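When reading the values below, keep in mind they use all heavy atoms of this one structure, side chains included, and skip hydrogens, waters and symmetry mates. To find a chain, count down the sequence lines: A is the first, B the second, and so on, and within it residues start at 1. Just so you know, these numbers come straight off a predicted model, no measurement behind them.
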Number of protein chains: 2
Amino acid sequence: MLHKHKRKTRRERLIEVGLDLFSRHSYDEVVIDDIAASANISKGLLYYYFPTKHDFYLAVLRHSTSQLLELTEPDDSLEPLERLRVGLLAYFTFAEMHARTYVALLRGGVGVDPEVAAILNHVRQTYVERVLQGLPESERHLPALRLTITGWVGFVEALSLVWLEERQLSKEQLAELAIRTLLATINSLHELGSSSR
Amino acid sequence: MLHKHKRKTRRERLIEVGLDLFSRHSYDEVVIDDIAASANISKGLLYYYFPTKHDFYLAVLRHSTSQLLELTEPDDSLEPLERLRVGLLAYFTFAEMHARTYVALLRGGVGVDPEVAAILNHVRQTYVERVLQGLPESERHLPALRLTITGWVGFVEALSLVWLEERQLSKEQLAELAIRTLLATINSLHELGSSSR
DNA sequence: CCCACTATTGAATATAGTTCAAATTTGACC
DNA sequence: GGTCAAATTTGAACTATATTCAATAGTGGG
């Protein structure tokens, strides 16, 4: 009875290996032999669990995005603004803890690969929905609201990426900044269209 | 005297071919034979001009980013706010005209490839600098100003990507929205730090 | 028209990704 | 504890694609 903690399935363990490799090297740099070697299996076995290298990559990507979404799941018992703050803190914490993976996640992707893009868009869309949920009914029908919030999600992503490099602010300040930006942007939305030029 | 308009060098023509191919297919999907066939040359010749496929991709990427930067060059004869607006309009126009290339550009990249990331970061950095230039001296020393502007650049990118899909607003309105967001965010920066929780 | 230099080719090579038949392991059932 | 089918695993063969290179063709100056 050597192995004590073998609850994890082979597939899961492979994904963990992939997570490690893809967070440190680009898609092309990671060769099948590396994956097999890191997981102590033969090349062939990888193909028993995943049809192609590309599918393997997608599985790894899906794994980490769904983990991200889980960890930042909104707590409905909180009032909207507090809920948003807590969500942002969780988001930055994830970015911090899985820094390399997180960066690879966002700035990664395999070329214009539509499947990769679809996964990332799904994550972004989910965040947009969550933010929309937190808005008071009165704000929900502003023109271009969804567009604006999508932009704001991009804002948060870009913010977090720089923050990971030069940790000047605390996570709390970052969240504060993000929230203020969201509110300010939504406010300025009220005036759009009624403006000249 | 067949060819009348052959001013373009072979290297340039190859980059144009790459631009076309990489905007329609992912890096992996584009194989050397495609490139050679599309350019009516032998595979070997590609290697006379570019050391590897990857370098070829980088050259193509650099070509389009520098074109983007050129077309959005700030017009210093305008006052800051107007300069920003014109720059944004040019930016959205580029996104519109080269939609596929533009999307591939931003959401593309080859895995976590540091070289690709470096090129895109350079573009973003340039925009951050340009925005900073336009700010009045009094605003230049706000805490986390650079961070915020980087976030805003992410905002504009995300905005433009959604906009390309569902063209709801005019370019003018988009620019208006982006500008308001920038100003509002910078404003709220004044209060950061002095705030509790 | 000759020479040196540049551009171009196509076949050979190297480096992955992928397939597959065979070997091993597992576990359910007798 | 033995048997057998299914699940897992292997390693070698196969394929596709990137890369190299020696040989060839073109170009322009003297």
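- The phosphate of C:dA7 has OP1 or OP2 within less than 4.0 Å of a side-chain N or O from B:Tyr48.
- When rounded to the nearest whole Å, the span between OH of B:Tyr57 and P of D:dT17 equals 19 Å.
- Among all heavy-atom pairs drawn from B:Gly134 and B:Arg83, the shortest one is CA-NH1, 4.1 Å.
- When the P atom of C:dT15 is taken as reference, atom CD of A:Glu29 falls 16 Å away, rounded to whole Å.
- Every residue two or more places apart in sequence or in another chain that forms a side-chain hydrogen bond (donor to acceptor under 3.5 Å, both in side chains) with B:Asp75 is listed here: B:Ser77.
- Between B:Leu46 atom CG and D:dT17 atom C1' the separation is 13 Å, expressed in whole Å.
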Review item, nucleotides 17-22 of chain C N/O atoms under 3.5 Å of protein N/O:
| residue | atom | partner | partner atom | Å |
| --- | --- | --- | --- | --- |
| C:dG17 | OP1 | A:Lys53 | NZ | 2.8 |
| C:dG17 | OP2 | A:Ile32 | N | 2.6 |
| C:dT18 | OP2 | A:Tyr47 | OH | 2.8 |
| C:dT18 | OP2 | A:Lys53 | N | 2.9 |

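- Residues satisfying the ring pair (Phe, Tyr, Trp, His ring centres under 6.0 Å) criterion with A:Phe50, sequence neighbours excluded, are A:Phe56.
- The salt bridge (charged side-chain N to carboxylate O under 4.0 Å, His left out) test applied to A:Arg146 returns A:Glu129, not counting sequence neighbours.
- Atom P of nucleotide D:dT8 and atom CZ of A:Phe50 are separated by 13 Å, given to the nearest angstrom.
- Not one side-chain nitrogen or oxygen of B:Arg11 sits closer than 4.0 Å to the OP1 or OP2 atom of C:dA7.
- Residues meeting the side-chain hydrogen bond (donor to acceptor under 3.5 Å, both in side chains) test with B:Tyr47, sequence neighbours left out: none.
- Applying the salt bridge (Lys or Arg N to Asp or Glu O under 4.0 Å) test to residues at least two apart or on different chains, none of the pairs has a partner in residues 48-72 of chain A.
- Note: CZ (B:Arg10) to C1' (D:dT27) measures 15 Å, nearest angstrom.
- Here the C1' atom of nucleotide C:dA16 and the NE2 atom of A:His25 are 17 Å apart, to the nearest Å.
- At the heavy-atom level, A:Phe56 lies nowhere under 4.0 Å from the strands shown.
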